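This is a predicted model, so every value here is computed, not measured. The residues of the chain are indexed from 1 along the displayed sequence.
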Amino acid sequence: MRVLLVNESDREREMLADRLRAQGYQVDVAADAATGADMALVAPPDGVVADLWMRSISGVPLCHLLRSEPSTNDIPVVLCAEDEPRNRFWAERAGAAFVRKGRVGELVRTLARELRELKGCEGLVRLDRDDGDVRDRIARHLDAALFDSVLVSEVRALANSASVARLFDLLAQLLAQVTSYRWLALSTQEPEQVGIHVNPSCVEDCVSEVRDALSLSDVAGLTLVEDEDASPDAGGGPPIVREVRVGSLHIGSIALAPCREHGDGESERLLDVVSSELGGPLRMTLLVEESRRLATTDPLTGLYNRRAFMDSLSPHLPPTGRVGQLALLLFDVDHFKRINDTHGHAGGDLVLAAVGKMLSGFVRGHDLAARWGGEEFVVALPHTNHEQGLGIAERLRRTLEDLIVHDLEGRPIPVTASFGVAVLRPGDDVDDLVQRADACMYLAKSQGRNRVAVDPVL
């Protein structure tokens with residue numbers, strides 16, 4: 001077998017070459033890494049022995065260059081240096097075996113072991129010397145490695161996003177600067193959601209492509225980022241899809257539809273780097289969202305809890321406090337104690353959960369719904385006047401009246417509620433609005449329940 005020996009010291013190079021030849025190897029020698037790399041690329045050896053640290057080019061970029069070329073990517077490399085943790089670290093990260101400098105016997109044994117494990121060493125491609133100066137090739141490889149390290153750093157910084165929507169927006173801004181695509185998508189498993197970055201001119205077609213590429217259900221929550229950073233071109237290669245993992249746990253997928261055929265492999269390599277680093281930031285962001293959800297959500301109904309509702313309502317109070325800018329509905333499930341006595345507390349919980357589910361589907365995107373406490377619920381309706389609030393409360397009352405709930409034994413549980421409606425007045429704060437809605441709700445209960453009482457407009 002032929003071994004390439006790269007060593008800047010004439011004495012060490014001669015001594016090691018003699019020792020390797022005594023073991024039956026054919027030895028080619030090079031006095032510096034650039035010459036050695038050139039020799040290896042033109043006529044690939046069976047193995048390489050080199051110093052880790054050399055003056056012009058160290059053994060690390062030499063090893064990375066050999067790994068990046070089809071003709072030399074399987075060749076075993078042994079790097080020699082002083083026995084320090086940092087040296088072992090760099091050698092291992094470069095994909096090389098490490099031997100302490102001066103341990104010639106260990107070097108011989110390590111090389112023999114690496115060569116025994118060598119597979120597929122026949123039919124290696126020989127490169128012509130005019131294929132490019134080796135220093136330029138190493139420089140290009142180092143540039144690519146620097147780009148990857150910067151990209152990795154940017155992806156890892158997404159761990160501070162605090163929400164999946166913001167993480168995806170930042171990720172789209174990052175990738176749009178380094179590659180061209182028709183659309184970019186990121187999906188998560190639990191909860192099932194997807195973010196899509198797309199040009200505004202082709203949203204519908206691209207969303208359909210994303211759902212097919214990622215095998216998404218129609219119920220997956222969708223976040224759209226629409227701007228002209230994504231290309232409007234209809235052509236290009238097929239989507240590239242990569243899993244996003246944390247260890248063995250699959251937490252999502254990332255996909256990209258390139259603007260051109262990706263035969264050069266650059267789009268795949270880019271997505272490989274991103275997907276390999278995205279798992280940690282995405283997992284952390286999902287955990288932050290889950291902890292926030294648990295802190296703000298009533299576990300039985302899935303609605304906001306009282307504190308979260310009040311925090312979310314305050315920004316909706318207009319600075320001028322004009323009439324008609326906000327309506328508040330407060331309602332109480334009628335005869336709830338009787339429901340618990342007749343159907344048990346499990347039956348009561350079923351009713352509350354059913355009301356929460358109904359409310360989640362009833363309210364509009366900018367409305368707020370919450371469990372106020374016990375069997376009381378509250379709905380805030382921004383940009384809603386007195387007449388509109390009354391109409392919404394009536395529709396909600398009829399919807400509750402038609403709600404079908406069965407207890408654990410299959411017995412039907414009738415559900416009605418009494419509503420109070422108040423509209424924001426000049427100078428009101430949240431407590432004023434809630435107090436008037438609460439007074440109206442008790443008025444509805446005193447008038448026979450299953451009805452709506454409205455605070456009069458002044």
| Hey, what do you get for CG (L433) to CG (L328), rounding to the nearest 0.5 Å? | 4.5 Å
| request: Indicate yes or no: does D332 engage R449 in a salt bridge with an N to O separation below 4.0 Å. | output: no
| remark: Correct closest heavy-atom pair for W53 and S58 would be CE3-CB, 4.0 Å
| Quick one: does L41's side chain get under 4.5 Å of S71's, heavy atoms only? | yes
| task | Could you tell me whether the side chain of N199 and the main chain of C202 form a donor-acceptor pair under 3.5 Å? | result | no
| From I251 CD1 over to E190 CD, what is the distance, rounded to the nearest 0.5 angstrom? | 11.0 Å
| Expected output: side-chain H64 to main-chain L66 donor-acceptor under 3.5 Å | no
| Does the side chain of V207 come within less than 4.5 Å of R211's, by heavy atoms? | yes
| Note: E401-R397 ion pair, threshold 4.0 Å (strictly below) | yes
| request: Starting at SG of C259, measure out to CZ of R182 and round the result to the nearest 0.5 Å. | output: 7.5 Å
| message | Does either side chain, that of N305 or that of R371, offer a donor lying less than 3.5 Å from an acceptor on the other one? | response | no
| query | Can you name the closest pair of heavy atoms from V288 and A162 and give their distance? | reply | CG1-O, 3.6 Å
| request: Flag the pair S187 / S253 as yes when at least one side-chain heavy-atom distance between them is below 4.5 Å, and no otherwise. | output: yes
| message | For a quick test of reading the model, state the closest non-hydrogen atom pair linking V246 to G280 and the distance between them. | response | CG2-N, 4.2 Å
| said: Looking at L381, is its backbone amide N or carbonyl O close enough to the side chain of T384 to form a donor-acceptor pair, meaning the two atoms are under 3.5 Å apart? | reply: yes
| remark: In this structure, OG1 of T285 is separated from CG of L287 (nearest 0.5 Å) by 8.5 Å
| said: Other residues, nucleotides and ligands only: do more than 12 of their heavy atoms fall within 6.0 Å of CD1 on I404? | reply: no
| message | Pairing donors with acceptors under 3.5 angstrom, does anything connect the side chains of D169 and H197? | response | no
| query | Closest approach of P382 and A380, non-hydrogen atoms and distance? | reply | CD-O, 3.4 Å
| For the side chain of D46 and the backbone of M1, is there at least one donor-acceptor N/O pair under 3.5 Å apart? | no
| query | Taking NZ, NE, NH1 and NH2 as the nitrogens, is one of them in R364 or D367 under 4.0 Å from a carboxylate oxygen of the other? | reply | yes
| Straight-line distance of N160 CG to R166 CZ, nearest 0.5 Å | 8.5 Å
| query | Between the side chains of D205 and S208, is a donor N or O closer than 3.5 angstrom to an acceptor N or O? | reply | no
| field | Residue pair E209 / D212, side-chain heavy-atom distance below 4.5 Å | value | no
| message | Once you measure the plane-to-plane angle for F377 and F331, does it fall in the parallel (<30°), tilted (30-60°) or perpendicular (>60°) bin? | response | parallel
| request: Taking the side chain as every heavy atom from C-beta outward, state whether F362 and I392 have any pair of such atoms under 4.5 Å apart. | output: yes
| request: Evaluate side-chain contact (heavy atoms from CB on, under 4.5 Å) for L359 paired with V379, printing each intermediate quantity in order. | output: CA-CA 9 Å; L359 265 183; V379 181; 3.8 Å; yes
| Where the side chain of Q388 meets the backbone of N385, is there a donor-acceptor pair that is under 3.5 Å apart? | yes
| said: Taking atom CZ as the centre, does R398 end up with more than 12 heavy-atom neighbours from other residues, nucleotides or ligands that are less than 6.0 angstrom away? | reply: yes
| field | Inter-residue atom distance L184.CG - C206.SG, 0.5 Å rounding | value | 11.0 Å
| Got a salt bridge between R436 and D455, using NZ or NE/NH1/NH2 to carboxylate O under 4.0 Å? | yes
| field | V49 versus V3, closest heavy-atom pair with distance | value | CG2-CG1, 4.1 Å
| query | Is there a donor-acceptor pair closer than 3.5 Å between any side-chain N or O of N340 and the backbone N or O of K337? | reply | no
| Shortest non-hydrogen contact from P258 to P238? | CD-O, 3.5 Å
| Under 3.5 Å, side chain of S275 to main-chain N/O of D272, donor-acceptor pair present? | yes
| Do T179 side-chain atoms and L175 backbone N/O form a donor-acceptor pair below 3.5 Å? | no
| said: Side chains of P76 and V48, heavy atoms from C-beta outward: is any pair under 4.5 Å? | reply: no
| request: Find out whether H343 and R411 are in side-chain contact, i.e. whether some heavy atom of one side chain is under 4.5 Å from a heavy atom of the other. | output: yes
| query | Are the side chain of T188 and the backbone N or O of P191 linked by a donor-acceptor pair below 3.5 Å? | reply | yes
| message | Taking V164's backbone N and O only, do any of them form a donor-acceptor pair with E289's side chain (distance below 3.5 Å, no angle check)? | response | yes
| query | Heavy atoms, side chains only, cut-off 4.5 Å: are D432 and V434 in contact? | reply | no
| task | Taking atom CH2 of W372 as the centre, report whether more than 12 heavy atoms of other residues, nucleotides or ligands fall under 6.0 Å from it. | result | yes
